[in-house]
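So the structure is just underneath, and the comments pick up after that.
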Amino acid sequence: MRGREAQKYIVSKAVEVGERVRTTLGPLGYDKMMVDKMGEFQLTNDGASILKMGGDRDPVARIVAQAAKAQEARVFDGTTGTTITLAELLKLAMVLIEKGVQTNAVMNGYRHALGIAIETAKSNATEGDTPYEAAKKVAETAITGKSAEAYIEILSDICAKAAEAAKPDNIKLIGRPGNPKDAELVEGVVILKQNAYPTDKDTFKGKILLLDEELGPPQANVNLADPSKIAEVAKVQQQYMEERLSAIDEMGIATVLCQKGMDSRAIQHFRRKGILAVRNIRKSDMHRIAKATNGEVVADLADIMPEELGSGTCKIRGEDGPNPYIQAVGENVNVASIILPAPTEQTAAEFSRAMDDAIGVAYITAKNPLTVPGAGSIQARMAAAIRESEPMQSSRAELAKLAFADALMIIPRTLAETAAMDIIDTLFELSINPELGVDPLTESVRDMTHVVEPLELVVSCLNTATENAISLLRTDEIQKSRPIQETFADEMS
Ligand code: ADP
Ligand code: MG
């Protein structure tokens with residue numbers, strides 16, 4: 001395909017992808033049920049996951065999905081907004097191109113409008129909030145309208161504290177049956193296991209051995225008819241265990257965390273030495289502890305290097321409560337866990353999705369505590385500033401600049417659509433009063449300053465949508481080619 005035909009194809013495909021995620025936007029956004037060939041399913045309303053799991057192999061669809069993914073990687077949220085803004089920018093560009101405006105003029109107008117939009121977002125940002133305050137506000141917005149809202153106070157507080165404690169990738173949510181009021185942020189890694197023997201000591205500071213090997217004697221095939229053989233085997237086993245255990249003693253280890261089992265001899269030994277011993281730990285937890293304590297999971301005790309040991313403090317906690325656990329805190333990497341009790345499995349899954357989003361936005365807000373009004377208000381303000389700005393020299397670029405302003409309004413427009421509000425009235429009211437926002441819950445245009453978004457999220461969304469729109473518009477030829485070497489980065493993702 002060439003020229004106009006190629007451009008048209010690209011735009012129509014991007015618009016189709018935008019349509020696919022559109023209805024998930026905002027507090028009344030629908031969920032999508034993603035079902036695989038085997039009938040496994042997952043509910044989601046995250047734009048990036050929908051596009052990724054949708055598995056559309058079309059190259060344009062993949063570029064749009066990558067744009068959403070880039071947004072997610074940078075600011076952890078705003079993927080639906082990015083996708084539909086990108087699609088709308090392309091759609092309105094195509095209208096101009098069909099009228100004879102050159103692609104270059106469109107790009108100039110868009111870039112100019114982008115600059116004004118970003119300046120406007122910055123000048124509308126609230127200053128003076130502490131990182132905690134700003135993070136809590138955006139977390140509240142992320143939780144509003146979801147089932148977790150009943151516990152918004154405690155959950156947004158936890159998100160804001162977590163934001164200061166660790167990066168979102170290093171925060172693990174642990175769902176438990178129970179009352180959400182007991183939700184708790186814990187520094188380090190939480191392992192829902194207990195010490196292998198009862199003890200009064202509760203803090204174990206020092207070296208941590210992370211073992212992916214059964215701590216027991218090797219199995220022997222003994223012929224029971226030969227008693228002397230049995231004694232011999234027992235002796236060999238005893239010796240084998242003694243060697244392993246004395247190797248642990250020599251390394252001066254405070255805690256042994258084992259992915260597999262431990263036999264009673266090993267447990268007795270650890271009890272005598274006052275070493276914390278936890279067995280049958282999940283693989284993923286082992287790796288998180290390794291990361292936090294700067295150690296490595298070793299598969300064979302025989303050739304362990306001292307530098308493979310982790311270091312930090314392990315504590316036995318919550319023994320009186322319903323959820324006893326071991327807490328492992330390293331000295332190197334900041335890692336945190338959130339224990340999130342929920343009444344049912346279904347609510348646990350919903351809470352955990354709400355918290356995932358909230359933790360992400362809280363984190364970027366804590367780093368840069370500037371927030372802007374959400375609910376379509378910031379888009380209405382940016383659009384107004386673009387429309388009121390001085391006309392550009394080129395009348396065609398000017399048309400594109402104004403189209404950019406219209407494209408921004410896809411956000412309030414879609415919010416209104418999810419609530420079946422009158423679109424023309426809503427957009428008209430917002431263009432007259434851009435300080436207001438769309439409230440899908442009460443189906444009205446009103447003051448929505450309690451709904452806030454991180455400035456960085458809005459800026460990143462605009463940059464990602466515009467840059468991708470421009471690079472797609474510059475493409476005027478789609479050709480069949482020989483196989484293209486996938487890059488290393490593609491394979492990794
Ligand atoms: P995204 O993937 O883009 O983050 P979301 O489904 O999270 O999509 O929707 C985000 C949009 O919804 C933002 O424009 C935000 O301002 C708006 N929004 C969030 N909460 C509310 C609310 N309670 N009322 C109105 N708009 C809201
Ligand atoms: Mg969101």
Side-chain angles (χ1 to χ4, degrees), residues 17-18 20-32 43-52 64-65 67-88 121 124 137-149 152 156 159 168 350 353-365 371-383 408-419 421 426 430 434 436-462 464-465:
V17 173
R20 221 178 295 153
V21 296
R22 215 162 122 74
T23 52
T24 67
L25 190 79
L28 281 191
Y30 290 92
D31 281 349
K32 303 269 174 200
L43 292 173
T44 179
N45 70 5
D46 168 58
S49 337
I50 294 167
L51 297 181
K52 201 169 80 193
V64 177
K69 216 164 102 185
Q71 170 79 4
E72 169 108 65
R74 256 197 304 274
V75 292
F76 305 100
D77 195 21
T79 55
T80 310
T82 303
T83 308
I84 62 181
T85 307
L86 165 56
E88 193 71 5
N124 273 278
K137 280 193 207 164
V138 296
E140 278 168 5
T141 298
I143 294 168
T144 305
K146 308 194 176 155
S147 57
E149 189 174 353
I152 196 161
S156 59
C159 289
E350 283 170 17
R353 281 198 293 136
M355 288 291 278
D356 255 347
D357 283 357
I359 290 167
V361 286
Y363 177 74
I364 64 154
T365 312
T371 53
V372 294
S377 182
I378 190 64
Q379 285 79 17
R381 296 176 201 209
M382 296 188 294
L408 294 179
M409 297 304 279
I410 189 70
I411 301 286
R413 179 193 180 113
T414 306
L415 288 172
E417 273 178 25
T418 61
M421 291 162 66
T426 304
L430 265 187
L436 302 179
V438 177
D439 186 2
L441 304 175
T442 62
E443 296 172 29
S444 62
V445 174
R446 61 185 193 99
D447 180 83
M448 292 297 284
T449 37
H450 58 284
V451 171
V452 300
E453 291 179 49
L455 170 66
E456 234 175 287
L457 181 138
V458 172
V459 170
S460 163
C461 166
L462 288 178
T464 308

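Note that the structure is a prediction, hence the values are computed from the model and not measured. If you read the sequence from its start, that first residue is 1, and numbering goes on from there. Atoms within a ligand are numbered from 1 in the order they appear, just like the ligands themselves.
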Could you see which bit of P440 sits under 4.0 Å from ligand 1, with heavy atoms only: side chain, backbone, both or neither?
side chain

What protein heavy atom sits nearest atom 16 (O) of ligand 1, and how far off is it?
E453 OE2, 2.5 Å

Total protein N/O/S atoms sitting under 2.8 Å from the Mg ion (ligand 2), waters ignored, is 2

Among all the protein's non-hydrogen atoms, which is closest to atom 4 (O) of ligand 1, and how far away is it?
D77 OD1, 2.9 Å

Considering heavy atoms of the protein only, find what lies nearest to atom 22 (C) of ligand 1 and give residue, atom and distance to 0.1 Å.
P27 CG, 3.4 Å

Stepwise, does the side-chain contact (heavy atoms from CB on, under 4.5 Å) test hold for H450 with T144?
CA-CA 11 Å; H450 58 284; T144 305; over 6 Å; no

How far does CD of E456 sit from CD1 of I364, to the nearest 0.5 angstrom?
5.0 Å

Between I410 and T85, is any pair of side-chain heavy atoms under 4.5 Å apart?
yes

Distance in Å, C461 SG paired with Q379 CD, rounded so as to fall on 0.5 Å steps
7.0 Å

Considering heavy atoms of the protein only, find what lies nearest to atom 24 (N) of ligand 1 and give residue, atom and distance to 0.1 Å.
M448 CE, 3.3 Å

Taking only non-hydrogen atoms of T80 and a 4.0 Å limit, the atoms of ligand 1 in range are 1 (P), 2 (O), 3 (O), 8 (O)

For ligand 1, is any non-hydrogen atom under 4.0 Å from A375's backbone (N, CA, C, O), its side chain (CB onward), both, or neither?
both

Smallest heavy-atom separation, I143 atom then S156 atom, equals CD1-N, 4.1 Å

Could I get the full list of side chain to side chain contact (heavy atoms under 4.5 Å, CB included) partners for V451, not counting sequence neighbours?
T141, A375, M448

When you compare the side chain of P27 with that of L415, does any pair of heavy atoms fall below 4.5 Å?
yes

Near G374, which atoms of ligand 1 are under 4.0 Å from a heavy atom of that residue?
16 (O)

Write out the residue and atom name of the closest protein heavy atom to atom 19 (C) of ligand 1, then the distance separating them to 0.1 Å.
T141 CG2, 3.9 Å

Hey, are the side chains of T23 and T418 touching, using non-hydrogen atoms and a 4.5 Å cut-off?
no

Would a 4.5 Å heavy-atom cut-off, applied to side chains only, mark T464 and R74 as touching?
yes

Side-chain contact test, heavy atoms from C-beta onward, threshold under 4.5 Å: evaluate it for M409 versus L430 and give yes or no.
yes

Just one of T426, D439, T442 clears the side-chain contact (heavy atoms from CB on, under 4.5 Å) bar with M421, so which one?
T426

I'd like to check which ligand 1 atoms, numbered from 1 as shown, lie under 4.0 Å from a non-hydrogen atom of I411.
14 (O)

Look only at interatomic distance and state if T144 has a nitrogen or oxygen under 3.5 Å from any nitrogen or oxygen of ligand 1.
no

If you compare V438, T24, L457, T418 by their heavy atoms, the one closest to atom 25 (C) of ligand 1 turns out to be V438

With a 4.0 Å cut-off, would you call E417 and R22 a salt bridge?
yes

Spacing of I378 atom CD1 and L457 atom CG [to the nearest 0.5 Å]:
11.5 Å

Quick one: nearest non-hydrogen protein atom to atom 5 (P) of ligand 1, plus distance?
G26 N, 3.6 Å

Only one of V17, V21, T82 forms a side-chain contact (heavy atoms from CB on, under 4.5 Å) with V64, so which one is it?
V17

Heteroatom distance test (D439, ligand 1): nitrogen or oxygen, under 3.5 angstrom
no

L25, portion touching ligand 1 at heavy-atom distance under 4.0 Å:
both

Protein contact to atom 3 (O) of ligand 1 [nearest heavy atom, distance to 0.1 Å]
G81 N, 2.8 Å

